[in-house]
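Written out below as structure tokens is the structure these notes cover.
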Amino acid sequence: MKSIIELDQIDLLPLDNLSILRDNLGKSDTFSLCLRIKDILSTTFKFKMNFIVIDSIPIFILMLKCNEKIYKCLISLGITKEYTYLKNLMKLPSFNLFLFSDKKMISIKKIKNTMNKRISKLMNTIENMDIHATLIDVENAKNKLLEMYSDKELWKLKY
């Protein structure tokens with residue numbers, strides 16, 4: 001699972017992978033979400049974000065529900081680059097979702113971020129936590145989360 005990606009690496013994004021996209025082409029960075037899927041013609045998208053602590057490691061879960069399929073992106077405070085991208089994305093009142101098909105088609109949807117103030121407060125609180133985790137610890141926590149919860153259970157979680 002690739003949680004973050006830069007615009008110049010977009011061709012490396014795996015199929016069915018939701019990621020935070022950083023467009024670093026201009027004077028300032030722009031953050032969005034991106035997803036590579038087979039069919040981009042589906043029109044029903046719901047965005048949701050959750051938060052959970054696994055083995056003392058805080059993990060944010062970005063989820064996108066398209067029809068009945070749930071795509072997710074796991075972000076940890078323990079990986080600075082992931083967390084920085086998430087923080088920049090979540091402070092926005094709305095952001096773009098770029099959908100890429102395997103047939104080189106692109107569609108753009110606007111996602112209204114109704115949780116941005118609440119998430120910002122949560123992130124400020126979490127930043128004060130003293131986390132001593134290696135990259136391996138973070139990856140193990142993410143894998144444990146995926147083993148513990150199905151996609152539907154993650155969607156239903158409330159933080």
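Along the sequence shown, the residues carry numbers beginning at 1.
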Give the ring-plane orientation class for Phe60 versus Phe51, where under 30° counts as parallel, over 60° as perpendicular and anything between as tilted.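 Tilted.
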
Whether the side chain of Asn143 engages the backbone of Asn140 through a donor-acceptor N/O pair (distance < 3.5 Å, no angle test) should be reported.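 Checked: no pair found.
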
Backbone of Met90 reached by a side-chain donor or acceptor of Asn113 within 3.5 Å: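 Side chain of Asn113 to backbone of Met90: a pair is present.
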
Asn50 vs Leu154, test: side chain to side chain contact (heavy atoms under 4.5 Å, CB included). Steps then yes/no. CA-CA 8 Å; Asn50 270 313; Leu154 284 174; 5.9 Å; no

What pair of heavy atoms forms the shortest contact from [X] to [Y], and how long is it?
X      : Y     : value
Trp155 : Lys65 : CH2-CB, 3.5 Å
Tyr71  : Leu18 : O-CD2, 3.8 Å
Tyr83  : Ser76 : CB-O, 3.8 Å
Ser19  : Asn17 : OG-ND2, 2.7 Å
Lys109 : Phe45 : CE-CE1, 3.6 Å
Gln9   : Ile5  : O-CD1, 3.2 Å

Start with the C-alpha distance between Ile54 and Met148, add both sets of side-chain angles, then the distance that settles side chain to side chain contact (heavy atoms under 4.5 Å, CB included), and finish with yes or no. CA-CA 10 Å; Ile54 302 287; Met148 291 171 60; 3.9 Å; yes

Taking it one step at a time, do Arg22 and Ile4 satisfy side chain to side chain contact (heavy atoms under 4.5 Å, CB included)? CA-CA 8 Å; Arg22 177 178 159 227; Ile4 60 172; over 6 Å; no

Within one Ile-Leu-Val-Met-Phe-Trp-Tyr cluster: [X] and [Y], side-chain cutoff 4.5 Å:
X      : Y      : value
Ile20  : Leu15  : no
Ile10  : Leu12  : no
Leu135 : Leu146 : yes

Check against side chain to side chain contact (heavy atoms under 4.5 Å, CB included), Leu33 and Asn96: CA-CA 6 Å; Leu33 282 181; Asn96 289 327; over 6 Å; no

In Å and rounded to the nearest 0.5 Å, what is the [atom1] to [atom2] distance from [X] to [Y]?
X     : Y     : atom1 : atom2 : answer
Leu35 : Lys72 : CG    : NZ    : 11.5 Å
Leu86 : Met49 : CG    : CE    : 4.5 Å
Ser32 : Leu89 : OG    : CG    : 7.5 Å
Leu62 : Leu64 : CG    : CG    : 9.5 Å

For the CD atom on Glu153, are there more than 12 heavy atoms of other groups (residues, nucleotides or ligands in this structure) within a distance under 6.0 Å?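 Count over threshold, so yes.
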
Residue that, paired with Val138, satisfies side chain to side chain contact (heavy atoms under 4.5 Å, CB included) out of Asp55, Leu74, Ile57, Ile59: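 Checked Asp55, Leu74, Ile57, Ile59 against Val138; only one passes side chain to side chain contact (heavy atoms under 4.5 Å, CB included): Ile57.
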
Could you tell me which residues satisfy ring pair (Phe, Tyr, Trp, His ring centres under 6.0 Å) with Tyr149, sequence neighbours excluded, listed by chain and number?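 Counting only residues at least two positions away or on another chain, Tyr149 forms no ring pair (Phe, Tyr, Trp, His ring centres under 6.0 Å).
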
